[in-house]
Structure formats: structure tokens, C-alpha cells
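Both backbone and side-chain heavy atoms feed into the values below; hydrogens, waters and symmetry mates do not. Treat the numbers as computed from the prediction; the structure is a model and nothing was measured.
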Amino acid sequence: MLTVEKIGGTSMSQFKDVLNNVIIGKRTPDEMYNRIFVVSAYNNVTNWLLEHKKTGEPGVYVQFLKNEDYSIALDSLGQRLVSINKNYEEIGLNLHEAKEFIEYRIKQAKMMLFSLSKVMASGYVNTEDICLAAREILASVGEAHSAWNSVNILNNNGITARFIDLCGFNDSLPYTIDERIAKAFDKIDFEKVLCVATGYTKGTEGIMRAFDRGYTEVTFSKIAVQVKAVEAIIHKEYHLSSADPGIVGVDKAVPVGYSNYIIADQLADIGMEAIHPKAAKPLELAGINIRIKNTFEPEHPGTLITREYVSPEAKVEIVSGTTKVVAIEIHDPMMVGEVGFDLRIMTHFAKYGVSYILKSTNANSITMVVWDKSKSKELIENLKENFYQVRVVPVAIICVMGTNIAMPGFLYKAAKALYEENINIESFGQSLRQVNMQFVISRADYNKAVIALNEALCLHK
């Protein structure tokens with residue numbers, strides 16, 4: 001009954017709880033094995049290595065791009081990682097060995113970056129490829145640090161553990177990601193050893209080129225498929241809940257319990273990933289279920305995501321959304337009846353690599369909601385140059401999701417809940433499949449809307 005289990009960065013930073021709740025728990029020595037753990041870097045470490053995911057604050061990678069002294073920055077980072085190690089001495093981490101490992105790994109990274117900078121300075125190569133290679137090298141350091149520490153702690157606690165280093169620092173073999181994973185796990189007796197793998201995997205195709213910061217979940221997914229796991233488990237610091245506990249309160253955020261891959265895709269589309277969509281698809285196709293568990297409530301079964309689940313009763317499962325979007329309205333009096341007008345618009349979207357979350361139309365206008373990012377801003381300027389009238393409004397989008405909401409009444413209840421809070425619906429979207437109702441509202445009303453919809457649809461069914 002082999003499982004593959006991912007531990008996120010926030011949980012990793014509280015590894016004592018992970019050790020006691022997730023890895024050991026109430027298991028007997030014989031029940032300790034048949035598990036592979038895929039670990040993220042400790043909280044904020046990847047932000048320090050690359051750039052802060054939310055604020056954009058520059059890390060070592062940005063200093064490399066600007067040709068600043070990344071060597072000093074890496075040394076400073078190394079000191080921070082050594083300092084982090086002290087948090088785990090009480091649960092068995094050998095500080096001397098841990099310091100030796102991470103200092104050597106940073107030394108290796110520094111040498112690789114130095115070589116890359118020299119090649120880039122020569123002017124004979126594609127600069128973008130070199131920068132992406134540097135990003136890969138730096139990202140891998142965080143996962144190597146946390147994975148090595150975890151194995152050291154486990155072994156010092158009497159659990160036979162093996163460090164599965166997928167970073168490829170010690171070889172120059174041209175493996176693809178899948179090949180490296182297959183080779184790393186070949187001939188391991190999972191009944192006798194607990195494996196801890198780095199969330200980063202080196203491959204010729206470059207895992208960050210395709211997935212950027214979602215690479216840990218891609219590694220997790222590929223390992224689960226490779227070893228034919230019976231279940232893929234994600235341990236987070238919170239449950240997959242009916243709404244964000246930080247907005248509605250912990251007591252009113254109900255664990256979902258069961259859902260399906262379609263709902264997981266809906267969540268990913270608005271940036272609230274249960275799992276990265278490109279990581280979910282291989283698991284879905286392989287028939288491997290995903291279970292999302294709360295690290296700090298080990299006895300709770302969490303939420304099981306399967307291909308076939310549909311709630312036996314009509315109900316809303318999740319209310320979620322984001323304030324980091326803008327609505328683009330393209331208006332043209334000549335649009336009515338013109339075949340292919342939206343195709344013209346989409347060629348511009350494709351040119352700038354922008355996809356939309358929601359699309360709503362009438363006779364002479366089309367509204368699309370997109371992420372409020374730099375690419376979107378470039379797209380908007382291009383649209384203004386090519387279409388009759390383009391209006392851009394900063395908005396929020398809030399979604400009401402469920403595996404079984406194709407019933408009369410849900411739209412009425414949702415609209416009524418927003419009306420009673422004096423929240424205007426600026427735009428709306430729902431497909432024939434009816435698993436997701438999307439409301440575009442003012443950003444200022446977002447939290448109020450989440451609370452209202454959660455109260456009306458998830459707590460009072």
C-alpha cells in the first residue's frame with residue numbers, strides 16, 4: 001500500500017509537528033514504511049533564492065540577473081540556512097553534519113553560477129537559456145536542504161530513511177525528469193526504507209521552464225505515477241475548506257471531505273491550487289486519488305479528490321476567488337453579427353501569452369477577466385491600439401463551486417446573498433457543465449462576498 005506524500009514549506013518549517021503527526025503518529029515500527037515523502041523548501045527559503053512569490057522582493061536569482069555580487073548573497077543565504085537548522089536540533093538533527101552538507105551544496109551552486117556567468121558574458125549563447133539554468137540551480141538548493149535534514153532527523157530517531165537527491169548536482173547525465181525519477185527509485189525496497197525526495201528534479205527539459213514555482217507538485221505527481229502509488233497525499237497547514245479560514249473564521253470554514261478533479265481544475269484556474277493542474281492530470285489519468293490533509297489534525301481524513309466523485313446530494317462545496325484580476329471590456333458597435341470577431345481578440349491574447357478566467361458577451365461587447373500582471377498590461381495597451389473601445393476595471397472574481405450544483409436555486413441563493421450585502425455583480429459566467437458560478441465584483445467587496453456566500457451556501461444548505 002505504497003503512498004507518495006508531499007509536505008509544503010509552511011509545514012516543513014514546523015517539522016517537529018510533521019514528525020509527530022505525519023511520519024510517526026500512532027504507527028507501529030512495521031507501519032512506518034511504504035511511504036515516499038516529497039518535501040518543499042522550508043518556508044520563505046525559495047523566496048530568498050529566487051524572488052518573493054507575492055511581493056516580488058528580489059532574491060539571489062535577481063542579483064545574478066543584474067550581474068551583482070550573487071556570491072556574497074549566496075554566502076549570506078547559507079548562514080541563514082545554517083541558522084534555520086538550529087530549530088531542529090532538539091528533534092535529532094546533527095548540526096555539524098547539516099552545516100557541512102548545505103555549505104558544500106552552496107559551494108557547488110556558486111561554482112555552477114560562476115561558469116554560467118562566464119558563458120553568458122561571452123555573447124555566444126542564448127541569454128534566456130542561461131538565466132533559466134541559473135534559476136533551476138538556485139531553486140534546487142532549498143529542497144536539497146530540507147530533504148537532507150529530514151533524512152538525518154529520521155535516521156537519528158531510529159527510522160531507516162534514504163535521501164533521494166533528484167537535483168543532479170553530482171552528475172552531468174542528460175536524463176529527462178521522468179528518467180531521473182525512474183532511476184532514483186529503481187530497486188528500492190519500500191517496505192524497509194522510508195524515502196525523502198527533493199521537490200526539485202533536474203531534467204533536460206527543465207522543470208521550471210514548464211512549471212516555475214509549481215515544480216514541487218510536479219515532482220510529487222511524477223513520482224506517484226512512476227511507483228504506482230495507491231494514493232497521493234498532500235499535507236498542508238490547513239484543510240481544503242469551504243472558504244478561506246482567514247476570511248470567514250476557522251469555525252466557519254468547513255472541510256470539504258470529498259471532491260473531484262474537475263473542481264480541482266476550477267480552483268487552479270483562480271490561483272487557489274489544491275494541486276498544480278499540470279501535476280494533477282498525470283495522477284487523474286493514472287487513476288490515483290489525491291488526499292489533502294491538515295498536518296496539525298492527523299486524525300482527520302482530510303479531503304479525497306477522485307475522478308468519479310459527484311456529491312449524492314446537491315450542495316456547494318467551495319467558495320473561493322481572488323482580488324488580483326482585471327476585467328477587460330472590448331466594445332464595438334460593428335461587432336454584432338460579425339463572425340470571428342472574438343477570434344481577432346484571441347490572436348492578441350495568444351501573442352502575449354495571456355489566458356482569461358471568465359468570458360462574457362453581448363451583442364456588441366465582450367468582457368474577459370485576466371490576471372493583473374505585467375503581461376496583461378502589455379496586452380491591454382495592444383488591444384487599445386487595435387479595437388474601437390477598450391475599458392479596463394480592477395475587479396475581484398468569486399466562484400461558487402460544487403460537483404453537484406446543476407439544480408434550480410443555487411444561482412438565486414448566491415445572487416440573493418450578494419444583494420443582501422449590497423454587492424453589485426459586475427459580470428457573471430457559468431458553463432453548461434454547471435460546476436462553477438463565477439461572479440465579478442468590486443475588489444472592496446471581496447471579503448464581504450466570501451463571508452456571505454459561505455454563510456448562505458455552505459453552512460446553510
Nearest heavy-atom neighbours spanning [X] and [Y]:
X    : Y    : value
A229 : V4   : CB-CG2, 3.8 Å
V319 : C458 : CG2-SG, 3.9 Å
C131 : L65  : SG-CD2, 3.3 Å
N155 : A161 : OD1-N, 2.9 Å
A197 : F185 : CB-CZ, 4.1 Å
F64  : A134 : CE2-CB, 3.5 Å

Q. Hey, are Y200 and E136 close enough side-chain-wise for a donor-acceptor pair under 3.5 Å?
A.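 Side chains of E136 and Y200: pair found under 3.5 Å.
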
Q: Verify the distance criterion only: is there a donor paired with an acceptor across the side chains of N294 and H300 at less than 3.5 Å?
A: no

Flag side-chain contact, heavy atom, 4.5 Å: [X] against [Y]:
X    : Y    : result
I345 : K359 : no
S320 : M401 : yes
L2   : V230 : no
L95  : Y88  : no
Y215 : T201 : no
L74  : L113 : yes
Q108 : N170 : yes
F15  : L93  : no

Under the 3.5 angstrom rule, does the side chain of [X] hit a backbone N or O of [Y] as a donor-acceptor pair?
X    : Y    : result
N454 : V450 : no
R443 : V395 : yes
N260 : Y309 : yes
S150 : S146 : yes
D17  : F296 : no
K202 : D171 : yes
E31  : T28  : yes
N20  : K16  : yes
D265 : P277 : no
N152 : N94  : yes

Can you measure from [atom1] ([X]) to [atom2] ([Y]) and round to the nearest 0.5 angstrom?
X    : Y    : atom1 : atom2 : answer
L138 : W48  : CG    : CH2   : 14.5 Å
R344 : N386 : CZ    : CG    : 8.0 Å
T127 : L116 : OG1   : CG    : 11.5 Å
C399 : I357 : SG    : CD1   : 8.0 Å
T198 : E143 : OG1   : CD    : 7.0 Å
N436 : I270 : CG    : CD1   : 7.0 Å

Can I get a per-line list of side-chain donor-acceptor pairs under 3.5 Å for residues 37-44, giving both atom names and the distance, sequence neighbours left out?
residue	atom	partner	partner atom	Å
S40	OG	I7	O	3.4
Y42	OH	N149	ND2	3.3
N44	OD1	N47	ND2	3.0

Q. Does the pair H145 and M12 meet the rule for a side-chain contact (heavy atoms from CB on, under 4.5 Å), with working shown?
A. CA-CA 11 Å; H145 174 228; M12 283 301 297; over 6 Å; no

Count the heavy atoms of every other residue, nucleotide or ligand shown that sit under 6.0 Å from [atom1] of [X], and state whether that count exceeds 12.
X    : atom1 : result
Y258 : OH    : no
E128 : CD    : no
D189 : CG    : yes
Q434 : CD    : yes
K110 : NZ    : yes
K278 : NZ    : no
E57  : CD    : no

**Q.** Charged N-O contact under 4.0 Å between R105 and D165
**A.** yes

Q) Quick one: do K281 and E284 make a salt bridge, cutoff under 4.0 Å? A) yes

Q: Find out whether the Lys NZ or Arg CZ of R135 is both under 6.0 angstrom from the six-membered ring centre of Y61 and within 45° of the ring's axis.
A: yes

Q: Evaluate the ring planes of W148 and F101, with Trp represented by its six-membered ring, and classify them as parallel (under 30°), tilted (30 to 60°) or perpendicular (over 60°).
A: parallel

Q) Which of these, T10, I292, T295, sits in a side-chain contact (heavy atoms from CB on, under 4.5 Å) with K236? A)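 Among T10, I292, T295, the one meeting side-chain contact (heavy atoms from CB on, under 4.5 Å) with K236 is I292.
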
Q. With respect to K6, which candidate in T216, I223, I290 satisfies the side-chain contact (heavy atoms from CB on, under 4.5 Å) definition?
A. T216

Q) side-chain contact (heavy atoms from CB on, under 4.5 Å) between V256 and I263: does it pass, once the steps are laid out? A) CA-CA 11 Å; V256 174; I263 300 302; over 6 Å; no

(Q) Please determine whether salt bridge (Lys or Arg N to Asp or Glu O under 4.0 Å) holds for the pair E378 and K351, giving the CA-CA distance in whole Å, both sets of side-chain angles, and the decisive distance to 0.1 Å. (A) CA-CA 10 Å; E378 294 170 10; K351 177 182 176 181; over 6 Å; no

Q) After noting the C-alpha distance and the side-chain angles of I23 and L194, does the key distance pass the side-chain contact (heavy atoms from CB on, under 4.5 Å) rule? A) CA-CA 10 Å; I23 298 176; L194 190 153; 4.1 Å; yes

Q | Derivation and outcome, side-chain contact (heavy atoms from CB on, under 4.5 Å), residues V369 and Q438 | A | CA-CA 10 Å; V369 174; Q438 300 173 301; over 6 Å; no

Q. Stepwise, does the salt bridge (Lys or Arg N to Asp or Glu O under 4.0 Å) test hold for E205 with R209?
A. CA-CA 8 Å; E205 62 270 56; R209 286 180 177 87; over 6 Å; no

Q) Which of these, E308, E317, K315, sits in a side-chain hydrogen bond (donor to acceptor under 3.5 Å, both in side chains) with T403? A)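 The side-chain hydrogen bond (donor to acceptor under 3.5 Å, both in side chains) with T403 is passed solely by E317 among E308, E317, K315.
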
